[in-house]
Amino acid sequence: MERAWWKEAVVYQIYPRSFMDLNGDGVGDLNGITSRLDYLKELGVDVIWLSPVYQSPNDDNGYDISDYQAIMKEFGTMEDFDRMLAGIHERGMKLVMDLVVNHTSDEHRWFVESRSAKDNPYRDYYIWREGKDGKEPNNWGSAFSGSAWQYDDATQMYYLHLFSKKQPDLNWDNPKVRDEVFSMMNWWCEKGIDGFRMDVISLISKPEGLPDGQMFPGMEYSPIPCANGPHVHEYLREMNREVLSKYDLITVGECAGVTIEEAKKYASLDGSELNMVFQFDHVGIGDAEHGKWTDRRVDLVELKKVLDGWQTGLAGQAWNSLYFSNHDQPRSLSRFGDDREEYRVVSAKMLATCLHMMQGTPYVYQGEELGMTNCPFPSIDDVRDIESINAYKEMTESGKITPEDMIRYIRLRGRDNARTPMQWDDGKNAGFTEGTPWIMVNPNYTRINAKQQTADPDSVFHYYKKLIALRKEEPVIVYGSYEPYQQENESLYMYIRRLEDAKLFVVCNFTDQEQTVALPEDFAEGSVLITNQENAGVQHEMTIGAYGAVVIRR
Ligand code: TEU
Ligand code: CA
């Protein structure tokens, strides 16, 4: 397989609002990030993916952009940005920006113009439709509750917003929109950034005629039927020609609704579109009639079928991203592992082993390397995320879910679990801010923080550091084939990697009970490459302790 730096890289995602606040206003900022770059260098990551830092009214914490070429005032200035970028490059790391171009903020000048008059030159930068029989133009629902259409008095028409009312969708069928986006992207590339993470890029091409979507029992609106639309690959190939192919970038498309077949186009190894995609099949396991608002746990066999499917499905044709965590997901340790204190460290290391030994580019979300956990939000008043706040209102007012159950589901699956302040030390506000944090600090910061873990060689932090270093030392981890092993085993996640004469056997125990497994015969002479177990040896009959992980190299 052709080698490439972005296949060998490990990416670290920063959610700037919650990473480090240097000016004491309780909100993270760019100078705060710059002050913590040595920590990231020590961890050994190669690329930093920065969630949006552009000018925004923060209806969706920066995913509603009002000026793509200005820095959000709360985060600092363009000079602060340039200083941070220089600091990243000086340390041999790269910067990926978050490209949010399925929609803008309703405060973007394009939308202010577009909504002002039907004949405004910017009118067709967005998607306007007449109502139908006094109602919205179709039955599409917003991802943030309610209709995906907002009636606008100024011109007595509706505009489309797949997300919040303050996030009107851009009309990608308009070549002027595509040209505006591509010139903005080139502007950032000329500043020296090294790639893009593309927000909901699978949704940019809407189905012809905007037909009604499929309805489901108990739902007032149809789930968004825009994934993998008619022109999405045409537009991405155009983006590749106009921007991406001119620079040495890493690109990842966030592709809600993507299938393995579609991913072979988005992430084709022929370089015609993007390097890789974020798929959602594994993080959606257990979703029920009200989507993610459920307390269902993840079934291991189902998880294996999903991830093994992506590993074998893309092999040799497209490249995988590898993630369990990000700013939209609950903490992976709580979701896929076991955050009870007696198992927290061992299970965090096990999850990391399971993910980082696969084929693809791994993404570490801020705090994941510390084994940070979900947060026990006392009430809905402590929740900040528009998705959770709108869902709480919708579900409790309709009687679909009781307030008690809804706050329990938010504690399990809400996005704010990943957005509580990064836990730097056991001092005031976990060392995140001298001010009042915009969102509560997880009370367990006194036990779980970077200061304590960078000093402890047996910490989750140092385990991630070892995994990241191994990816540089062992080509089989990056370029080896992937072979599921005993997929029906309900307790152990096992797989085999092979590259020329090197091979790995990976076994991860997803339970709090000791398990045994017979070692595949051609590993009997192997040695332990990495493990979270005390004195794990190589025996024909392997005993794996609670949440144990062992990687045998041959
Ligand atoms: O997320 C898109 C997306 O699919 C989210 O709706 C996510 O899957 C869901 O919230 C999980 O419950 C992107 C950004 O990552 C997210 O932060 C933004 O809110 C959203 O797009 C709109 O920009
Ligand atoms: Ca600040």
Side-chain angles (χ1 to χ4, degrees), residues 60 63 98-104 126-127 129 136-149 160-164 167-173 177-178 181 196-216 219 221-240 251-268 272-292 306-307 309-310 313-314 317-321 323 326-329 387 415:
D60 185 17
Y63 282 90
D98 209 317
L99 184 74
V100 187
V101 290
N102 171 71
H103 49 271
T104 69
Y126 296 87
I127 299 169
R129 291 292 184 280
E136 297 94 358
N138 69 24
N139 66 359
W140 297 2
S142 157
F144 296 161
S145 304
S147 169
W149 295 94
L160 180 67
H161 62 89
L162 299 185
F163 293 93
S164 88
Q167 292 170 291
D169 279 57
L170 281 168
N171 172 17
W172 269 78
D173 295 334
V177 166
R178 300 200 298 271
V181 169
F196 295 101
R197 174 268 188 187
M198 301 185 189
D199 192 63
V200 293
I201 203 70
S202 57
L203 305 182
I204 61 174
S205 171
K206 278 46 175 183
E208 303 295 334
L210 310 184
D212 276 350
Q214 186 185 357
M215 291 299 280
F216 292 89
M219 294 188 107
Y221 295 100
S222 154
I224 297 166
C226 300
N228 316 312
H231 302 289
V232 68
H233 297 293
E234 176 193 327
Y235 296 157
L236 284 177
R237 285 196 293 276
E238 184 184 356
M239 179 192 286
N240 192 296
T251 54
V252 52
E254 186 211 26
C255 292
V258 71
T259 60
I260 289 172
E261 284 318 302
E262 282 294 321
K264 289 176 185 173
K265 299 177 202 163
Y266 288 110
S268 169
S272 55
E273 294 185 25
L274 308 176
N275 294 146
M276 63 196 98
V277 298
F278 289 138
Q279 55 85 15
F280 282 69
D281 292 347
H282 59 321
V283 292
I285 290 175
D287 286 6
E289 61 173 326
H290 300 308
K292 61 194 263 188
V306 165
L307 292 180
W310 277 91
L314 296 192
Q317 301 173 72
W319 193 250
N320 271 293
S321 69
Y323 79 97
N326 61 41
H327 66 292
D328 290 333
Q329 296 301 325
E387 177 186 63
R415 304 193 299 181

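On a predicted model such as this, the values are computed, not experimentally measured, just so you know.
- Residues Asn320 and Trp310 are in side-chain contact: their nearest non-hydrogen atoms beyond the backbone lie under 4.5 Å apart.
- Closest heavy-atom contact between Phe278 and Tyr323: CD2-CD2, 3.8 Å.
- Within the 4.5 Å cutoff, no side-chain heavy atoms of Glu238 are placed close to those of His231.
- Taking 4.5 Å as the limit, every side-chain heavy atom of Val277 sits out of range of all side-chain heavy atoms of Glu262.
- Heavy-atom minimum distance, Leu314 versus Ala263: CD2-CB, 4.0 Å.
- When all heavy atoms are compared, the tightest approach of Asn228 to Thr259 is ND2-N, 4.5 Å.
- Residues meeting the side-chain hydrogen bond (donor to acceptor under 3.5 Å, both in side chains) test with Tyr221, sequence neighbours left out: none.
- Closest heavy-atom contact between Gly213 and Pro225: CA-CG, 4.1 Å.
- Atoms CD1 and CG, on Ile201 and Leu99 in that order, are 6.0 Å from each other to the nearest 0.5 Å.
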Could you please spell out the steps behind the side-chain contact (heavy atoms from CB on, under 4.5 Å) verdict for Val283 and Lys292?
CA-CA 9 Å; Val283 292; Lys292 61 194 263 188; over 6 Å; no
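- Ile127 has its side chain within reach of Leu210: a pair of non-hydrogen atoms, C-beta onward, lies under 4.5 Å apart.
- When side chains are defined from C-beta on, Val232 does not count as touching Tyr235, because their heavy atoms never get closer than 4.5 Å.
- Under 3.5 Å, the side chains of Gln167 and Ser164 contain a donor-acceptor pair of N or O atoms.
- For the atom pair CE of Met276 and SG of Cys255, the computed distance is 12.0 Å after rounding to the nearest 0.5 Å.
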N/O donor to acceptor pairs below 3.5 angstrom from side-chain atoms of residues 284-291, sequence neighbours left out:
{"from": "Asp287", "atom 1": "OD1", "to": "Arg413", "atom 2": "NH1", "distance (Å)": "3.3"}
{"from": "Asp287", "atom 1": "OD1", "to": "Arg413", "atom 2": "NH2", "distance (Å)": "2.7"}

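- Between Trp172 and Asn102, the side chains place no donor N or O within less than 3.5 Å of an acceptor N or O (distance only, hydrogens not considered).
- Taking CG from Asn240 and CG from Leu274, the interatomic distance works out to 7.5 Å, rounded to the nearest 0.5 Å.
- Ring geometry, Tyr266 versus His233: the interplanar angle falls from 30° to 60°, so the pair is classed tilted.
- Ser222 places no side-chain N or O within 3.5 Å of a backbone atom of Met215 that could act as its donor or acceptor partner.
- Between His161 and Ser147 the shortest heavy-atom distance is CE1-O, 3.2 Å.
- For the atom pair CG (Asn326) and CD (Glu254), the distance works out to 7.5 Å, reported to the nearest 0.5 Å.
- Interatomic distance, CD1 of Ile204 versus CG of Leu236, reported as 5.0 Å (0.5 Å rounding).
- Of the candidates Asp173, Asn171, Ile224, Leu162, Lys206 forms a side-chain contact (heavy atoms from CB on, under 4.5 Å) with just one, namely Leu162.
- In this structure, Ser268 and Glu273 have side chains that are not in contact, with every pair of non-hydrogen atoms separated by 4.5 Å or more.
- Between atom OG of residue Ser321 and atom CD of residue Gln279 there is a gap of 6.5 Å, rounded to the nearest 0.5 Å.
- In this structure the side chain of Val101 never reaches within 4.5 angstrom of the side chain of Arg178, judged on heavy atoms.
- Side-chain contact check for Cys226 versus Pro207: some heavy-atom pair is nearer than 4.5 Å.
- Between Trp140 and Trp149, the angle of the ring planes lies from 30° to 60°, which puts this pair in the tilted group.
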Step by step, would you call Tyr126 with Leu170 a side-chain contact (heavy atoms from CB on, under 4.5 Å)?
CA-CA 5 Å; Tyr126 296 87; Leu170 281 168; 3.8 Å; yes
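- The aromatic ring centres of Tyr63 and Phe163 sit 6.0 Å or more apart.
- The minimum heavy-atom distance between Gly257 and Ala227, with the atom names listed, is CA-CB, 4.0 Å.
- Side-chain atoms of Asp212 come within 3.5 Å of backbone N or O of Asn139 as a donor-acceptor pair.
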